[in-house]
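These notes are about the structure you will find just below.
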Amino acid sequence: NERAEVVGQDFRAHREVYDAVTARAVGRLPLLLELTVPLAKTPEGDTPGGLIVLVKGEKAAEEIAEAKQAMHMLHCAHAGTVETPTGRLVVIEKLRKTPRTYPRAVGEPKRSPLGVRS
């Protein structure tokens, strides 16, 4: 039990080690990406990077567009969206190592989401 901002900076135990990372009911995509992408595996050679699968609602396409800059900053890309009976699964692929500065300190991602102008 720990905040994603803290776990995402744990280089010994959690950072860039998971094949898949999931989240639901946390927040909009730019926030979610900063909290989840650092946990997914970085691609190496022929081995693909980890996937991030996020449960979203009917505004998934709007959130994907809003998160374009955050995806660029975090080195990930939208790999596809899967329609489900209750919503959408947004699938993100990790393309390269996440910059060390992400995730930022506790509360900062929510206060100032990446790439979102206030």
Side-chain angles (χ1 to χ4, degrees):
N1 285 337
E2 187 60 81
R3 292 189 64 99
E5 297 98 329
V6 174
V7 174
Q9 288 292 346
D10 185 345
F11 287 84
R12 286 180 279 133
H14 296 289
R15 188 173 175 100
E16 299 188 325
V17 299
Y18 298 103
D19 292 320
V21 180
T22 63
R24 69 176 185 84
V26 175
R28 293 188 63 84
L29 204 50
L31 165 67
L32 271 174
L33 292 175
E34 184 171 356
L35 299 178
T36 57
V37 171
L39 302 173
K41 278 187 181 177
T42 298
E44 293 182 25
D46 292 340
T47 305
L51 295 178
I52 299 93
V53 180
L54 306 168
V55 178
K56 301 308 291 177
E58 19 180 273
K59 295 185 179 183
E62 176 184 309
E63 290 190 42
I64 292 164
E66 177 185 45
K68 185 175 180 180
Q69 183 65 27
M71 285 188 248
H72 175 75
M73 295 167 78
L74 295 166
H75 307 307
C76 63
H78 178 235
T81 301
V82 179
E83 299 285 331
T84 72
T86 57
R88 289 153 186 83
L89 299 177
V90 174
V91 181
I92 304 294
E93 178 184 12
K94 184 157 183 174
L95 303 174
R96 296 193 327 256
K97 192 171 200 60
T98 304
R100 293 181 68 89
T101 54
Y102 302 115
R104 293 169 289 160
V106 171
E108 190 62 24
K110 184 175 183 179
R111 193 173 22 263
S112 178
L114 291 178
V116 177
R117 296 183 185 145
S118 29

Side-chain polar contacts of residues 18-26 - donor-acceptor pairs under 3.5 angstrom, sequence neighbours left out - could you list them?
| residue | atom | partner | partner atom | Å |
| --- | --- | --- | --- | --- |
| Tyr18 | OH | His14 | ND1 | 2.5 |
| Asp19 | OD1 | Lys41 | NZ | 3.0 |

Spacing of CD belonging to Gln69 relative to CG belonging to Leu74, to within rounding of 0.5 Å = 10.0 Å
How long is the span from the NZ atom in Lys68 to the CG atom in Leu29, to the nearest 0.5 Å?
-> 14.0 Å
Tell me, do Pro99 and His75 make a side-chain contact under 4.5 Å, heavy atoms counted?
-> yes
Look at the side-chain heavy atoms of Ile, Leu, Val, Met, Phe, Trp and Tyr, link any pair under 4.5 Å apart, and say whether Leu31 and Ile64 land in one connected group.
-> yes
Within one Ile-Leu-Val-Met-Phe-Trp-Tyr cluster: Ile92 and Val53, side-chain cutoff 4.5 Å | no
So, do Val82 and Arg88 sit near enough that their side-chain heavy atoms are less than 4.5 Å apart?
-> no
Residues Gln9 and Thr101: closest non-hydrogen pair is NE2-C, 3.9 Å
Over all atoms of both residues, closest heavy-atom pair of Val7 and Glu2 = CG2-CB, 3.6 Å
What pairs of residues pass the side chain to side chain donor-acceptor pair (under 3.5 Å) test when at least one of them lies in residues 44-61, not counting sequence neighbours?
-> Lys56-Glu63
Ser112: side chain to side chain donor-acceptor pair (under 3.5 Å) partners, not counting sequence neighbours = none
CE on Met71 to CD on Glu93, rounded to 0.5 Å = 12.0 Å
Are any side-chain N or O atoms of Glu34 and backbone N or O atoms of Leu114, one a donor and one an acceptor, separated by less than 3.5 Å?
-> no
The side chain to side chain donor-acceptor pair (under 3.5 Å) partners of Arg15 (sequence neighbours excluded) come to none
Arg3: side chain to side chain donor-acceptor pair (under 3.5 Å) partners, not counting sequence neighbours = Glu5
Share the residues that join Val106 in a hydrophobic cluster, the rule being Ile, Leu, Val, Met, Phe, Trp or Tyr side chains under 4.5 Å apart at the heavy-atom level.
-> Val6
For Leu51, does its backbone N or O pair with a side-chain atom of Lys94 as donor and acceptor, under 3.5 Å?
-> no
May I ask you to test the Leu54-Ile52 pair for a side-chain heavy-atom distance under 4.5 Å?
-> yes
Specify the closest pair of heavy atoms between Leu95 and Pro43, including all atoms of both residues, with the distance to one decimal.
-> O-CG, 3.1 Å
Note, Pro103 side chain near Pro38 side chain (heavy atom, < 4.5 Å) = yes
Heavy-atom pair with the smallest gap, counting every atom of Lys97 and Glu16 | NZ-OE1, 2.8 Å
Supply the atom-to-atom distance Thr81 OG1 to Leu89 CG, rounded to the nearest 0.5 angstrom.
-> 9.0 Å
Group every Ile, Leu, Val, Met, Phe, Trp and Tyr by side-chain heavy-atom contacts under 4.5 Å, then state whether Leu35 and Phe11 land in the same group.
-> no
Going by heavy atoms in the side chains, are Met73 and Tyr102 under 4.5 Å from each other?
-> yes
